[in-house]
There are 2 protein chains.
Amino acid sequence: MTQPSTTEIPPPEGLERLLGSPLVAEIEFLTARARALGSARANALLAPLDLKIRSYAVLSLACSGAAPSQRELAEFLLLDPSQIVALVDGLEQRGLVKRETDPQDRRSKVIKGTAKGRRLLAQAAAATQQAEDQAMGNLTATERAQLRDLLRRIAF
Amino acid sequence: MTQPSTTEIPPPEGLERLLGSPLVAEIEFLTARARALGSARANALLAPLDLKIRSYAVLSLACSGAAPSQRELAEFLLLDPSQIVALVDGLEQRGLVKRETDPQDRRSKVIKGTAKGRRLLAQAAAATQQAEDQAMGNLTATERAQLRDLLRRIAF
DNA sequence: CTTAATAGTTGAAGATGTCAATAGTTTTAT
DNA sequence: ATAAAACTATTGACATCTTCAACTATTAAG
């Protein structure tokens with residue numbers, strides 16, 4: 001019982017043979033695998049709150065005080081505007097966020113978290129924090145900071 | 001013309017407001033965004049060769065000399081076995097890989113790259129290398145190595 | 001030798017991704 | 001001022017990806 005392992009993801013056993021493949025040296029492959037593992041974990045931990053990483057991301061940005069428009073959410077999350085519609089619809093129906101037409105530009109709608117949304121976000125953030133701890137369990141604090149910085153520089 | 005930018009992905013402008021959000025500090029979000037940008041770039045560069053990152057990964061492992069079975073490919077690439085079937089079907093029909101029933105265990109089929117497959121892989125690897133250079137353009141050689149190592153440690 | 005487990009395959013159902021078209025609004029050009 | 005062009009959110013269609021439950025052939029366990 002070395003790991004609490006709320007979410008079980010089988011580590012590759014007997015695949016050491018493949019670890020030497022040139023593919024494993026490619027950033028593209030490594031980010032894809034890290035993301036697959038990470039999102040599976042995070043989704044599992046968010047499931048009890050009826051959230052997925054997507055809806056969590058929207059909720060988080062909505063509650064951040066930045067008051068993003070849907071267009072901005074789409075650009076920032078690299079999603080199609082139509083997907084943002086669906087995500088905001090879901091959150092709004094649950095009373096977690098609200099749409100406000102921007103008085104400056106009545107075409108765009110600004111998304112803001114409600115009090116209920118902020119309460120749920122607090123729990124959700126704890127869940128993703130836990131997922132992150134699981135993911136980076138092998139890394140020291142400085143290594144985590146390094147990884148964060150390097151990722152930030154290739155993610156924007 | 002600071003970037004050749006074969007693939008155009010709009011950088012977030014005017015979204016500095018969102019960069020301060022707590023979400024941006026989360027590894028989960030950063031890997032998701034890095035992976036979205038990276039796979040879009042890689043897919044665009046692989047498109048002329050009629051490959052996607054998925055089929056490229058299978059081709060690469062098939063040509064690596066490791067002679068993986070389909071089950072091993074599924075586990076290593078974190079894909080459902082049925083998806084491996086489809087991927088190998090596509091590559092096999094193009095004469096890029098072949099299935100060989102393992103004499104040790106006639107249930108499992110070992111995937112090996114053909115000469116034609118290895119030729120295409122050479123071009124494909126150049127393409128993903130180019131994608132990687134685009135992705136990590138801002139990083140020094142040591143930073144790239146650091147990122148690779150850190151990713152490897154959270155990706156397995 | 002019977003039973004249970006495994007590898008590959010097929011097909012279905014749901015989720016995601018991509019794209020075109022539309023209505024309402026703002027910006028630009030005339 | 002008016003007309004044309006551009007932009008935001010929305011809807012709906014369609015392809016792709018994901019997930020899962022069967023099924024066959026083969027191997028392993030009891």
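Numbered from 1 within each chain, the chains take letters A, B, ... in sequence-line order.
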> For a quick test of reading the model, state the closest non-hydrogen atom pair linking A/L91 to A/L59 and the distance between them.
CD1-N, 3.9 Å
> Considering only residues two or more places apart or on different chains, which pairs with a residue in residues 123-148 of chain A satisfy ring-ring contact (aromatic ring centres under 6.0 Å, His included)?
none
> Starting from P on D/dT18, measure out to CG on B/L78 and report it in whole angstrom.
11 Å
> Side chains of B/L73 and B/L79: does their closest heavy-atom pair fall under 4.5 Å?
no
> The criterion is side-chain hydrogen bond (donor to acceptor under 3.5 Å, both in side chains); which residues satisfy it with A/R94, sequence neighbours excluded?
none
> If we count only N and O atoms by modelled type, under 3.5 Å, do the side chains of A/R99 and A/Q70 hold a donor and an acceptor together?
yes
> With rounding to the nearest 0.5 angstrom, report the CD to OG1 distance, A/E92 to A/T114.
10.0 Å
> Side-chain donor-acceptor pairs under 3.5 Å in residues 45-55 of chain A, sequence neighbours left out?
| from | atom 1 | to | atom 2 | distance (Å) |
| --- | --- | --- | --- | --- |
| A/S55 | OG | A/K52 | N | 2.9 |
| A/S55 | OG | A/K52 | O | 3.1 |

> Could you tell me the separation between the CZ atom of A/R99 and the C1' atom of D/dT8, rounded to a whole number of Å?
12 Å
> Using five pairs at either end of the helix from C/dC1-D/dG30 to C/dT30-D/dA1, determine the angle between the two local helix axes and round it to 10 degrees.
30°
> Is there a side-chain polar atom (N or O) of B/Q83 under 4.0 Å from OP1 or OP2 of D/dT18?
yes
> Using a heavy-atom distance cut-off of less than 4.0 Å, which residues of residues 100-113 of chain A contact DNA chain D?
A/R107, A/S108, A/K109
> Could you tell me which residues satisfy side-chain hydrogen bond (donor to acceptor under 3.5 Å, both in side chains) with A/S108, sequence neighbours excluded, listed by chain and number?
none
> If a pair satisfies salt bridge (Lys or Arg N to Asp or Glu O under 4.0 Å) and one of its residues is in residues 144-156 of chain A, list it, with sequence neighbours excluded.
A/E132-A/R148, A/D133-A/R144, A/D149-A/R152, A/R153-B/E143
> Please list, by residue number, the residues of residues 48-66 of chain A whose heavy atoms come closer than 4.0 Å to an atom of DNA chain D; answer none if no residue qualifies.
none
> Can you measure B/L79 atom CG to D/dC17 atom C1' for me and round it to whole angstrom units?
10 Å
> Which whole-number value in Å describes the distance from A/L87 CG to D/dA9 C1'?
14 Å
> To the nearest Å, how far apart are A/D89 CG and D/dT8 C1'?
15 Å
> Ring pair (Phe, Tyr, Trp, His ring centres under 6.0 Å) with A/Y56: which residues, sequence neighbours excluded?
none
> Which residue pairs pass the ring-ring contact (aromatic ring centres under 6.0 Å, His included) test with at least one member in residues 16-37 of chain B, sequence neighbours excluded?
A/F76-B/F29
> Flag the pair B/L23 / A/S64 as yes when at least one side-chain heavy-atom distance between them is below 4.5 Å, and no otherwise.
no
> Excluding sequence neighbours, so at least two apart, what forms side-chain hydrogen bond (donor to acceptor under 3.5 Å, both in side chains) with A/S82?
A/D80
> Which nucleotide span of DNA chain C, 5' end to 3' end, has atoms closer than 4.0 Å to non-hydrogen atoms of chain B?
C/dA5 to C/dG11
